[in-house]
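Note sheet for the following structure.
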Amino acid sequence: MRQALEPKRRQRVRIWPSSRAFKKSFCGQGKSDLKDSYIIAEFARCLRRQTVPVPAPPRLTKELTLILSHRNGLSAERTRTINRMRALLTSIFPELERSFDFAQSAGPLVLLSGYQTPAAIRRMGESRLTAWLAKRGVRKAATIAEKAVTAAKAQESAGNAEDLAAELVAELAQKVTELNSRLKELEKKVEELLSRHPQAPIVLSMPGFGGVLAAELLAAIGDISRFPTAGRLAVASGMAPVSRDSGSNTGNRLRPTQYSRPLQQAFFLSSQVACLTTGTWENEMYLIPS
């Protein structure tokens with residue numbers, strides 16, 4: 001009875017979604033009243049003229065993308081393995097861990113594959129250890145042997161579970177050596193694919209770009225015709241601010257949130273390499289007008 005006496009409530013039905021929700025279907029991030037009006041008009045006409053087509057990448061670009069993804073995965077695994085090896089080595093032989101950079105030199109890895117404890121290195125001695133390293137093709141074997149023996153003499157105590165930890169360190173050192181060899185093979189494959197790319201000479205001529213970084217850039221760009229101007233490429237890489245104007249509130253430029261991370265990483269690393277290389281920008285000074 002009460003329900004019959006109560007007036008019926010009007011139900012509000014939303015026919016059109018808000019422009020903010022619908023704007024996600026359109027490319028670009030610039031906010032302005034003109035663009036909002038255009039989006040509402042296009043939605044009313046049920047058109048999608050701003051939908052960006054996604055063309056299929058060429059075979060060479062696809063091959064570069066696959067091999068670079070595999071290489072980056074192996075490189076991350078190599079970094080994790082080196083960190084685990086150093087943590088184990090620190091628990092039994094901290095003096096030796098401080099003496100070498102295992103990520104940059106292959107000689108200390110060969111040393112760890114055979115000798116991991118201070119007592120074992122002291123028993124070998126400097127001369128015998130130098131001969132052992134030189135027999136395995138280690139460069140600067142005398143220097144590595146001298147540092148190792150000095151570190152062994154500086155530590156006379158033995159850690160807990162030293163034998164097991166030494167075995168694990170040798171296993172990890174061998175794994176890092178195998179990963180180094182595999183990464184070199186992949187880099188040769190990348191250079192081979194890069195030599196077949198028609199735009200590779202242009203990228204390699206720019207300061208800061210080597211074989212791997214040039215391949216990363218070309219794989220991230222894909223078809224260069226997608227970017228008719230340098231500004232479009234800068235926007236796609238997240239290196240250019242985007243407009244956030246609305247009505248009379250103009251001049252707002254903010255950092256973009258939607259861009260290609262691989263493309264930005266390639267530009268960032270290339271600029272870092274160019275800045276750290278002596279004489280790179282001095283040779284390009286003729287391009288800067290006085």
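All values derive from a computational prediction rather than experimental measurement.
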Test item: Thr65 side-chain N/O and Thr61 main-chain N/O as donor-acceptor pair under 3.5 Å: yes
Minimum-distance pair of heavy atoms, taken over all atoms of Ile82 and Ala103: CD1-CA, 3.8 Å
Atom CD of Glu167: over 12 foreign heavy atoms under 6.0 Å: no
Smallest separation among heavy atoms of Ile92 and Gln155, with atom names: O-NE2, 2.9 Å
Heavy-atom closest contact (Phe267 atom, Leu217 atom, distance): CZ-CD1, 3.7 Å
CA sep, side-chain torsions, deciding dist, call: Leu263, Leu233, side-chain contact (heavy atoms from CB on, under 4.5 Å): CA-CA 9 Å; Leu263 191 59; Leu233 183 59; 3.8 Å; yes
Interatomic spacing from OG1 in Thr117 to CZ in Arg122 - rounded to 0.5 Å: 8.0 Å
side-chain contact (heavy atoms from CB on, under 4.5 Å) evaluation trace for Phe102 with Leu109: CA-CA 7 Å; Phe102 299 100; Leu109 294 174; 4.2 Å; yes
In residues 125-151, what donor-acceptor pairs under 3.5 Å come from side-chain atoms, sequence neighbours left out?
unit_1, atom_1, unit_2, atom_2, d
Thr130, OG1, Glu126, O, 2.7
Arg136, NH1, Trp132, O, 3.1
Thr150, OG1, Glu146, O, 2.8

Approximate separation, where rounding is to 0.5 Å, of Leu213 CG and Ser271 OG: 9.5 Å
Same apolar cluster: Leu194 and Met206, side chain cutoff 4.5 Å: yes
Main-chain N/O of Ser260 paired with Gln264 side-chain donor or acceptor, under 3.5 Å: no
Heavy-atom pair with the smallest gap, counting every atom of Leu183 and Arg71: CD2-O, 3.8 Å
Minimal non-hydrogen separation, Ala120 against Tyr115, with atom names: CB-CD2, 4.0 Å
Sole candidate of Leu193, Val190, Leu68 that passes side-chain contact (heavy atoms from CB on, under 4.5 Å) when paired with Glu63: Leu193
Spacing of Asn83 atom CG and Leu88 atom CG [to the nearest 0.5 Å]: 11.5 Å
From CD (Glu187) to OG (Ser75), nearest 0.5 Å: 9.0 Å
Full working for side-chain contact (heavy atoms from CB on, under 4.5 Å) between Gln116 and Glu162: CA-CA 9 Å; Gln116 310 84 24; Glu162 186 180 72; over 6 Å; no
Hydrophobic cluster membership, Ile221 vs Leu204, 4.5 Å side-chain cutoff: yes
Straight-line distance of Thr90 OG1 to Glu97 CD, nearest 0.5 Å: 3.5 Å
Path from Phe268 to Val203 over hydrophobic side-chain contacts below 4.5 Å: yes
Joint hydrophobic cluster, Leu168 plus Ile121, side-chain heavy atoms closer than 4.5 Å: yes
Charged N-O contact under 4.0 Å between Arg182 and Glu185: yes
Within one Ile-Leu-Val-Met-Phe-Trp-Tyr cluster: Leu179 and Val169, side-chain cutoff 4.5 Å: no
Value rounded to 0.5 Å, distance of NZ in Lys184 from CG in Leu186: 12.5 Å
More than 12 heavy atoms from other groups under 6.0 Å of CZ on Arg232: no
Heavy-atom closest contact (Gln174 atom, Ser113 atom, distance): OE1-CB, 4.4 Å
Minimum side-chain heavy-atom gap Met85-Glu171 below 4.5 Å: no
Lys153 and Glu95: CA distance, side-chain angles, deciding distance, salt bridge (Lys or Arg N to Asp or Glu O under 4.0 Å) verdict: CA-CA 9 Å; Lys153 292 180 179 179; Glu95 291 293 334; over 6 Å; no
Residue pair Phe100, Leu111: steps toward the side-chain contact (heavy atoms from CB on, under 4.5 Å) verdict: CA-CA 11 Å; Phe100 297 105; Leu111 172 65; 4.2 Å; yes
